[in-house]
Asker: 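Handing you this structure, nothing more for now.
Whatever order the structure lists ligands and atoms in, that order sets their numbers, starting from 1. Every heavy atom of this structure was used, including side-chain atoms; hydrogens, water molecules and symmetry mates were not.
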Amino acid sequence: MKGDPNIDFWRIFYIYHYIEFIKMNDLTKSSTQGYQTGPELNPILDFAVIGAGIAGLTAASKISALGHKLAVFEKARGTGGRLSSKRVVYDGGEAMAFDLGCVSITGKSEIFSQQLESWHSGGVIAPWWMDDQNKTHYVAVSRNSALTRHLSENLECHFSTRVSSLQRIDDIWHLFTFNERGENEGGENDRGEKLLAKAKNVILATPPAQAYDLLPAGSRFKGALESVKVGAQWVMGLELDNDLSGLPAISYPKSDTVYSISQESCKPGRRNREFNVGSTILQVQASQNWTRDHLESTHEQVKGALMRELEQHLQQPLRITNAYVHRWLYSCITQGIETKEGYLWDEEGLGLIGDYLNTDFDGVESAWLSGQQLAEQVTS
Ligand SMILES: Cc1cc2nc3c(=O)[nH]c(=O)nc-3n(C[C@H](O)[C@H](O)[C@H](O)COP(=O)(O)OP(=O)(O)OC[C@H]3O[C@@H](n4cnc5c(N)ncnc54)[C@H](O)[C@@H]3O)c2cc1C
């Protein structure tokens with residue numbers, strides 16, 4: 001039986017475009033996990049940003065909004081860096097979620113305070129508590145990692161992609177990574193690594209030690225980075241059956257072991273159908289001195305020591321249902337680099353940003369300002 005030639009044409013037309021659409025979607029998905037290597041697949045970027053913490057994503061979103069071709073490369077599976085959150089799923093499907101790094105965000109500078117107000121009115125962050133200097137402490141809703149996820153919304157981000165070295169060849173930055181097995185062998189350069197991307201400009205938005213490792217030999221920034229000091233810190237997330245409603249939002253016990261106790265479950269928007277229903281969740285930070293002396297302790301030893309100290313401080317036996325510990329090798333900056341601009345930038349298009357480059361400010365504010373200031377410089 002002969003079909004209508006018009007109908008056949010449209011049938012073939014739709015099938016062809018449907019197949020093309022599927023192919024395109026698959027490509028998009030894989031490109032967020034690992035970059036398509038090879039110059040013919042990826043044109044030279046205007047900017048490559050290494051690190052998807054608050055500094056990197058602040059700079060990236062501002063630069064990308066002006067139409068520059070930009071990609072972000074992040075070694076972890078998602079955004080956040082030290083502003084990330086942890087979701088721990090236990091046997092039986094129960095889950096606990098807490099902020100693994102940064103506890104809350106405050107603004108000292110006018111520009112960052114305005115930014116906080118803008119994120120607040122957009123529903124990205126919410127006020128948590130007010131300190132005795134009338135400063136509002138904000139948290140992102142419904143996890144602190146939501147803030148960097150928000151900043152990354154329109155960006156090309158490549159997760160699980162560790163940049164292992166940088167080389168400048170013919171005036172273009174070449175970013176390399178390990179091969180598929182995570183080893184440096186059988187690759188494309190003399191170190192056995194695989195070419196990841198080429199870019200006219202590179203922004204290193206990693207903690208200072210990791211930026212140091214990526215800087216090419218002879219870079220004038222190496223000397224400055226050698227002076228930076230960053231403390232390590234053990235952090236514990238704890239789920240309890242105890243009623244601790246009398247405990248302040250955040251407390252700093254007089255203890256050599258514990259630096260702070262934060263009530264995660266009383267942060268705005270932290271209880272939902274899936275997480276933390278009805279239980280008390282605490283984030284407990286060990287002091288930097290105690291961490292330094294117990295850097296190589298096992299997770300079980302750290303859990304035991306922090307729980308004993310907590311029990312003593314709260315003066316009641318703890319009914320613990322779940323516990324999780326994490327060691328931050330690079331937690332808070334104890335000595336940064338004093339820069340007038342808040343970033344480092346050289347004539348070859350290599351820049352450094354992060355919380356260690358704005359010594360007048362701390363933590364998230366310092367990192368955000370740094371990203372913002374470099375973006376203004378390179379786009380002006
Ligand atoms: C336990 C803890 C509590 C804190 N509490 C507060 C607080 O209450 N208030 C506050 O303001 N600040 C706090 N801070 C500090 C704050 O979190 C940081 O200052 C801020 O998040 C730093 O942002 P950043 O973008 O500079 O760096 P990061 O967040 O460290 O981001 C760097 C990113 O680079 C990635 N990266 C590194 N090397 C590579 C590589 N080779 N290739 C690809 N990616 C790479 C990392 O995975 C990371 O995601 C706290 C930090 C910690 C750890």
Side-chain angles (χ1 to χ4, degrees), residues 35 48-60 71-86 98-108 112 116 128 131 135 137-140 144-145 147-148 151-152 157-166 175-178 196-197 202-215 230-237 249-250 252 259-260 262 267 283-288 291 325-333 336 342-343 352-358 361-372 374:
Y35 207 60
V49 176
I50 305 174
I54 186 83
L57 292 174
T58 299
V72 180
F73 300 92
E74 166 58 54
K75 72 181 167 71
R77 280 185 297 168
T79 64
R82 281 170 281 161
L83 190 56
S84 59
S85 313
K86 182 75 191 170
F98 70 104
D99 291 328
L100 190 60
C102 173
V103 174
S104 62
I105 308 168
T106 50
K108 191 165 135 190
F112 189 59
L116 290 175
W128 179 30
D131 62 27
K135 276 245 164 287
H137 290 242
Y138 290 93
V139 292
N144 273 349
S145 52
L147 176 55
T148 48
L151 289 173
S152 72
C157 291
H158 302 273
F159 298 114
S160 306
T161 306
R162 179 196 290 266
V163 178
S164 53
S165 76
L166 279 180
L175 282 70
F176 289 91
T177 190
F178 301 127
L196 185 63
V202 175
I203 298 174
L204 297 179
T206 70
Q210 287 150 335
Y212 185 92
D213 290 343
L214 284 173
L215 284 175
V230 189
Q233 206 162 17
W234 281 105
V235 169
M236 177 169 69
I250 179 155
Y252 301 92
Y259 167 69
S260 67
S262 129
K267 287 180 173 178
Q283 188 228 54
V284 181
Q285 288 181 25
S287 72
Q288 289 198 1
T291 301
V325 287
H326 176 79
R327 185 184 67 176
W328 288 100
L329 273 183
Y330 312 111
S331 172
C332 292
I333 306 297
Y343 58 83
L352 276 79
I353 52 174
D355 58 350
Y356 61 99
L357 292 157
N358 263 309
F361 302 95
D362 294 319
V364 172
E365 178 168 25
S366 170
W368 182 87
L369 283 168
S370 179
Q372 179 82 359
L374 178 65

Asker: Apply the side-chain contact (heavy atoms from CB on, under 4.5 Å) test between Cys332 and each candidate in Arg82, Gln285, Gln288; give the one that qualifies.
Answerer: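 Result for side-chain contact (heavy atoms from CB on, under 4.5 Å) with Cys332: Gln288.
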Asker: State, with a plain yes or no, whether a side-chain heavy atom of Leu147 is found less than 4.5 Å away from one of Leu57.
Answerer: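 With C-beta onward as the side chain, the pair stays apart.
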Asker: In terms of relative ring orientation, are Phe73 and His158 parallel, tilted or perpendicular, with 30° and 60° separating the classes?
Answerer: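 Because their plane-to-plane angle is under 30°, the rings of Phe73 and His158 count as parallel.
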Asker: Is there a donor-acceptor pair closer than 3.5 Å between any side-chain N or O of Glu365 and the backbone N or O of Phe112?
Answerer: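 Judged by distance alone, no pair lies under 3.5 Å.
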Asker: So what's ligand 1 close to, N/O to N/O, under 3.5 Å?
Answerer:
from     : atom 1 : to     : atom 2 : distance (Å)
ligand 1 : 8 (O)  : Val103 : N      : 3.3
ligand 1 : 8 (O)  : Ser104 : N      : 3.4
ligand 1 : 8 (O)  : Ser104 : O      : 3.2
ligand 1 : 9 (N)  : Ser104 : O      : 2.8
ligand 1 : 11 (O) : Val364 : N      : 3.0
ligand 1 : 17 (O) : Arg82  : O      : 3.2
ligand 1 : 19 (O) : Asp355 : OD2    : 2.6
ligand 1 : 25 (O) : Ile54  : N      : 3.2
ligand 1 : 25 (O) : Ala55  : N      : 3.0
ligand 1 : 26 (O) : Asp355 : N      : 3.3
ligand 1 : 27 (O) : Arg82  : NH2    : 3.2
ligand 1 : 29 (O) : Arg82  : N      : 2.8
ligand 1 : 30 (O) : Arg82  : NE     : 2.8
ligand 1 : 30 (O) : Arg82  : NH2    : 3.2
ligand 1 : 41 (N) : Val163 : O      : 3.0
ligand 1 : 42 (N) : Val163 : N      : 3.1
ligand 1 : 44 (N) : Lys75  : N      : 3.1
ligand 1 : 47 (O) : Glu74  : OE2    : 2.6
ligand 1 : 49 (O) : Glu74  : OE1    : 2.7
ligand 1 : 49 (O) : Glu74  : OE2    : 3.2

Asker: Quick one: ring-ring contact (aromatic ring centres under 6.0 Å, His included) partners of Tyr343, sequence neighbours excluded?
Answerer: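 Checked Tyr343 against ring-ring contact (aromatic ring centres under 6.0 Å, His included); zero matches.
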Asker: Might you work through the side chain to side chain contact (heavy atoms under 4.5 Å, CB included) test for Thr291 and Tyr259, ending with a clear yes or no?
Answerer: CA-CA 10 Å; Thr291 301; Tyr259 167 69; over 6 Å; no
